[in-house]
2 protein chains.
Amino acid sequence: MFIGDVSKQFNIPADTLRYYDRIGLLSPRRQGGVRRYSEADLNKLAAIAKMKKLMFSLNEIQIILSADAQIDKSLQQASPDLSAAQALLSQIRAKLREVEALAENIKEVKRELARLAAKVKTVLEAGEYAE
Amino acid sequence: MFIGDVSKQFNIPADTLRYYDRIGLLSPRRQGGVRRYSEADLNKLAAIAKMKKLMFSLNEIQIILSADAQIDKSLQQASPDLSAAQALLSQIRAKLREVEALAENIKEVKRELARLAAKVKTVLEAGEYAE
DNA sequence: ATACCACATGGAGTTGACTCCAAGTCAAGG
DNA sequence: CCTTGACTTGGAGTCAACTCCATGTGGTAT
């Protein structure tokens, strides 16, 4: 797939895809100077998009993705690389705590917004009777 | 309160407080050129800090805070300003939808992270037996 | 041959939210 | 009187994540 097709399919500007290439987040092979996105590239991009929605920074995504890949690779060897796995696991746990804190915040904001909405509605109803 | 005290109490750099003043988010009165934070200012700052944690942009915070204040003011008048209330209400609803989408994402990320953690643990356990 | 694409590059510009700095003022302490 | 410390200002710098631009190349359509 060419960059334009990928851009359309994922609804991501081509410039952004080139940017991802530049920073080494997603670097497809070239054919005659032109980027060709493989099936694997598309899968990776899907993973990136998903994590982005989940508010990971591009940096975090990069770390997690490469650690994940490294683990997959080492799984096929006789002696898996435990340190990479350990590092990734603590990364994951940290993110999990972060996400849990966020979930708490979200509960709170929902209460706050509901409270605020109720107050606003009071004003609107008072306005109705006044007319 | 002086800027330094506020900075300490809220654990927010003085430069950030000055920045908030600059952009008109929180502009305390001056006494001889020096910022004096009133009780009301501190309450407002607390509200700002809270909303920040909830991932509102400073811009959103500003809009919501001023709409809220305007509503409070108009509540004390004979004819409340319904348009401000309407605007705020739709703002709130939009944010609520946003927050709900975020909550969904968070559920998903938790599943993802759990899945990833399980995979990593497999590697680690395999490593143990191999030793 | 010419026009028109989609692609390429390097580099500059943008936005939001700070963050840092140099230079200056002012009150209190030794 | 001089230093110290907390404050002031305007302006510049930083960071992430784009976003835009001028210029250039290579392939297809008329």
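Naming convention: chains lettered A, B, ... in sequence-line order (proteins, then strands); numbering from 1 in each chain.
Between A:E108 and A:R111, no side-chain nitrogen of the basic residue sits less than 4.0 Å from a carboxylate oxygen of the acidic one, so the salt-bridge criterion is not met. Under the 4.0 Å criterion applied to side-chain N and carboxylate O atoms, A:R115 and A:E112 are assigned as salt-bridge partners.
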Item to check | A:E60 and A:E98: CA distance, side-chain angles, deciding distance, side chain to side chain contact (heavy atoms under 4.5 Å, CB included) verdict | outcome: CA-CA 13 Å; A:E60 286 173 315; A:E98 205 184 299; 4.3 Å; yes
Next on the checklist: side chain to side chain contact (heavy atoms under 4.5 Å, CB included), that's the test. Do B:L58 and B:Y19 meet it? Break it down for me.
Outcome noted: CA-CA 11 Å; B:L58 296 188; B:Y19 170 69; 3.8 Å; yes
Item to check | Step-by-step side chain to side chain contact (heavy atoms under 4.5 Å, CB included) determination, B:L45 to B:L17 | outcome: CA-CA 9 Å; B:L45 184 53; B:L17 294 172; 3.8 Å; yes
Next on the checklist: Would A:K50 and B:N105 count as a side chain to side chain contact (heavy atoms under 4.5 Å, CB included) here? Give the steps.
Outcome noted: CA-CA 9 Å; A:K50 196 171 185 178; B:N105 282 342; over 6 Å; no
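Rounding to whole angstrom units, CG of residue A:L25 and C1' of D:dC18 are separated by 13 Å. Rounded to whole Å, the distance from CG on A:L17 to C1' on D:dC18 is 12 Å.
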Let me check something: any side-chain donor-acceptor pairs from residues 22-33 of chain B under 3.5 Å, sequence neighbours excluded? List them with distances.
{"residue": "B:S27", "atom": "OG", "partner": "B:D21", "partner atom": "O", "Å": "3.4"}
{"residue": "B:S27", "atom": "OG", "partner": "B:D21", "partner atom": "OD1", "Å": "3.0"}
{"residue": "B:R30", "atom": "NH1", "partner": "B:G33", "partner atom": "O", "Å": "3.1"}
{"residue": "B:R30", "atom": "NH2", "partner": "B:D21", "partner atom": "OD2", "Å": "3.3"}
{"residue": "B:Q31", "atom": "OE1", "partner": "B:R36", "partner atom": "NH1", "Å": "2.9"}

Going by atom type alone, with no hydrogens or angles, which donor-acceptor pairs under 3.5 Å involve a side-chain atom of residues 5-12 of chain A and a protein atom two or more places apart or on another chain?
{"residue": "A:D5", "atom": "OD2", "partner": "A:F2", "partner atom": "N", "Å": "3.1"}
{"residue": "A:S7", "atom": "OG", "partner": "A:I12", "partner atom": "O", "Å": "2.7"}

Item to check | Annotated protein contacts, base or backbone, on nucleotides 3-15 of chain D with a non-hydrogen cut-off under 4.0 Å, one of B, S, - each | outcome: ----SBB-B----
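With rounding to the nearest 0.5 Å, the separation of CD in B:Q86 from CG in B:L89 is 6.0 Å.
When the C1' atoms of four end pairs are superposed on the next four at each end of the helix from C:dA1-D:dT30 to C:dG30-D:dC1, using five pairs per end, the two resulting axes differ in direction by 20°, to 10°.
Remark: A:D68 pairs with B:K119 by the salt bridge (Lys or Arg N to Asp or Glu O under 4.0 Å) rule, at least two apart or across chains.
Bracketed by its first and final contacts, the part of DNA chain C lying under 4.0 Å from non-hydrogen atoms of chain B reaches from C:dA17 to C:dC20 in 5' to 3' order.
Annotation: of the two residues near DNA chain C, B:T16 and A:A14, the 5′-most nearest-nucleotide partner is A:A14.
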